[in-house]
Engineer: 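Dropping the structure in here first, questions after.
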Amino acid sequence: MLQAANAVRGAVPAAIRPAGSSSLLLTENQQWIGGPPPLMDKLSPRERELVLKQGRRKVLNRGQTLFSQGGKHDGIWLIESGRIRVFYTSPLGREITLAYWHVGNFVGGPEVFEGTVHQWSGVASSNCSVVHLPGKELRSLATEIPNLAIGLIEGLTFKGKCYSALAQMLGTRSITQRLAHLLLHLVELYGVEDADGTVIAAAFTHADIAHMVGATRQWVTISLKRMQERGIVLTKRSQIVVCRTDILEEMRGQTGD
């Protein structure tokens with residue numbers, strides 16, 4: 001693989017520092033929906049070049065594993081394009097999605113340097129390009145570039161808050177509430193107006209949704225079917241169309257399943 005700096009020839013790819021990078025996670029705090037500030041956002045062009053010189057680009061196809069829970073940890077990956085799903089697997093094999101991280105975000109924490117093992121796994125949920133910044137080099141860069149160190153701290157702080165919020169939702173909200181909340185979140189991130197309502201213009205299977213709300217795929221399928229019977233959603237060409245956001249808002253505030 002070529003070094004990232006060779007590919008960009010001193011310029012930073014636009015995908016690394018988008019105007020509106022986002023993330024997908026289960027949280028009740030609307031301010032967090034847009035995701036953390038892009039890691040490279042506060043760096044000067046020269047500082048970005050210095051960082052990317054230490055990185056190596058990797059391209060993944062959808063479904064490819066970037067790092068595995070329990071595997072040796074070394075540094076972080078900066079997302080240039082696509083999105084990475086980060087998830088935890090229990091000893092019994094059950095998965096819970098922690099978040100989907102998008103362009104400008106980094107994955108591989110909570111440790112960002114080297115010498116430990118991964119606490120969860122990361123997989124490409126779409127075709128992706130990432131830049132790997134090894135731990136040793138990242139540690140050196142963080143001492144040389146204060147804004148990079150601040151970016152790492154801000155990113156880790158954001159992720160810590162998000163994972164705490166996820167634990168709170170799993171413990172205090174019913175599965176039905178979490179599903180309604182997630183559908184509204186998907187509408188906000190990926191919604192495209194349609195004659196029948198708002199199409200969630202992103203590929204999420206029933207299993208993907210189940211892993212986010214802490215349910216089984218079968219439960220999600222049955223629940224979406226019931227919602228369709230009530231005219232709340234509509235399944236169209238393997239996509240979900242949300243017809244009644246007002247009812248989802250009511251469901252999000254209900255108690256019980």
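Below, each value reflects all heavy atoms present in this structure, side chains not excepted, and no hydrogens, waters or symmetry copies. Sequence positions, counted from 1, serve as the residue numbers for this chain.
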Engineer: Can you confirm whether His132 sits close enough to Lys58 that some side-chain heavy atom of one is under 4.5 Å from a side-chain heavy atom of the other?
Structural biologist: no

Engineer: So, Arg217 side chain and His206 main chain: donor-acceptor pair closer than 3.5 Å or not?
Structural biologist: no

Engineer: Using the rule given for side chain to side chain contact (heavy atoms under 4.5 Å, CB included), can you reason through Val51 versus Leu78, listing the C-alpha separation, both sets of side-chain angles and the distance that settles it, and then say yes or no?
Structural biologist: CA-CA 11 Å; Val51 171; Leu78 179 63; over 6 Å; no

Engineer: When you measure from the side chain of Gln119 to the backbone N and O of Pro110, does any donor-acceptor pair fall under 3.5 Å?
Structural biologist: no

Engineer: To the nearest 0.5 Å, how far apart are NZ in Lys161 and CD in Gln168?
Structural biologist: 12.0 Å

Engineer: Is it true that the side chains of Ser125 and Arg83 contain a donor and an acceptor less than 3.5 Å apart?
Structural biologist: yes

Engineer: Decide yes or no for Ile79 and His102: does some side-chain heavy atom of the first lie under 4.5 Å from some side-chain heavy atom of the second?
Structural biologist: no

Engineer: Does Ser126 use its side chain to pair, donor to acceptor, with the backbone of Gly82 at less than 3.5 Å?
Structural biologist: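 No, because the side chain of Ser126 does not come within donor-acceptor range (under 3.5 Å) of the backbone of Gly82.
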
Engineer: Roughly how far, to the nearest 0.5 Å, is the NZ atom of Lys53 from the CD atom of Glu137?
Structural biologist: 14.5 Å

Engineer: Kindly indicate, with the supporting measurements, whether the criterion side chain to side chain contact (heavy atoms under 4.5 Å, CB included) is fulfilled by Lys42 and Glu154.
Structural biologist: CA-CA 12 Å; Lys42 296 179 180 179; Glu154 289 180 343; 3.0 Å; yes

Engineer: Taking the side chain from Asp74 and the backbone from Gly135, do they hold a donor-acceptor pair closer than 3.5 Å?
Structural biologist: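 It does hold such a pair.
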
Engineer: Might you work through the side chain to side chain contact (heavy atoms under 4.5 Å, CB included) test for Val187 and Ile200, ending with a clear yes or no?
Structural biologist: CA-CA 6 Å; Val187 164; Ile200 296 173; 4.2 Å; yes

Engineer: What verdict does the salt bridge (Lys or Arg N to Asp or Glu O under 4.0 Å) test give for Glu249 and Arg252, after you've listed the backbone C-alpha separation in whole Å, the side-chain angles of each residue and the deciding distance to 0.1 Å?
Structural biologist: CA-CA 5 Å; Glu249 289 283 4; Arg252 176 161 63 177; 2.6 Å; yes

Engineer: Side-chain contact test, heavy atoms from C-beta onward, threshold under 4.5 Å: evaluate it for Leu148 versus Leu138 and give yes or no.
Structural biologist: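 Yes, their side chains come closer than 4.5 Å.
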
Engineer: Can any side-chain N or O of Ser121 pair as donor or acceptor with the backbone N or O of Gln69 at less than 3.5 Å?
Structural biologist: yes

Engineer: Measuring only between side-chain heavy atoms, which start at C-beta, is Leu248 closer than 4.5 Å to Met251?
Structural biologist: yes

Engineer: Do the side chains of Thr235 and Leu224 get nearer than 4.5 Å, heavy atoms only?
Structural biologist: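 When only atoms from C-beta onward are counted, Thr235 and Leu224 do not touch, as no gap falls below 4.5 Å.
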
Engineer: With a 4.5 Å heavy-atom cut-off, do Ile96 and Leu170 have their side chains touching?
Structural biologist: yes

Engineer: Could you grab the distance from atom OG1 of Thr89 to atom CZ of Arg94, nearest 0.5 Å is fine?
Structural biologist: 12.0 Å

Engineer: Take the angle between the ring planes of Trp77 and Phe67 and call it parallel below 30°, perpendicular above 60°, tilted in between.
Structural biologist: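 Plane angle under 30°, so parallel.
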
Engineer: Hey, are the side chains of His181 and Arg173 touching, using non-hydrogen atoms and a 4.5 Å cut-off?
Structural biologist: no

Engineer: Step through it carefully: locate the ring centre of Tyr100, locate the ring centre of Phe204, and say whether they are under 6.0 Å apart.
Structural biologist: yes

Engineer: Using 0.5 Å steps for rounding, measure from the OG1 atom of Thr198 to the CD atom of Glu193.
Structural biologist: 3.5 Å

Engineer: Less than 4.0 Å between a side-chain N and a carboxylate O, is that true for Glu229 and Arg226?
Structural biologist: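 A salt bridge is absent here (no side-chain N lies under 4.0 Å from a carboxylate O).
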
Engineer: Roughly how far, to the nearest 0.5 Å, is the CG atom of Leu186 from the CG atom of Leu183?
Structural biologist: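 That separation rounds to 6.0 Å.
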
Engineer: Considering only heavy atoms from C-beta outward, does the side chain of Met40 approach that of Leu52 to under 4.5 Å?
Structural biologist: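 Met40 reaches Leu52 side chain to side chain.
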
Engineer: Is it the case that the side chain of His73 and the backbone of Gly108 share a donor-acceptor pair, with hydrogens and angles ignored and the cut-off at 3.5 Å?
Structural biologist: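 Yes; judged by distance alone, with no hydrogens or angles, the pair exists.
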
Engineer: Applying the ring-ring contact (aromatic ring centres under 6.0 Å, His included) criterion to Trp120, which one of Tyr88, Trp101, Tyr163 satisfies it?
Structural biologist: Tyr163

Engineer: Counting only N and O atoms by type, is there a donor-acceptor contact under 3.5 Å from the side chain of Asp194 to the main-chain atoms of Val199?
Structural biologist: no

Engineer: Identify, with sequence neighbours excluded, every residue that meets salt bridge (Lys or Arg N to Asp or Glu O under 4.0 Å) alongside Glu47.
Structural biologist: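 Partners of Glu47 under the salt bridge (Lys or Arg N to Asp or Glu O under 4.0 Å) test: none.
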
Engineer: Could you measure the distance from the CG atom of Leu133 to the CZ atom of Arg139? Nearest 0.5 Å is fine.
Structural biologist: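 So the CG of Leu133 and the CZ of Arg139 are separated by 14.0 Å.
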
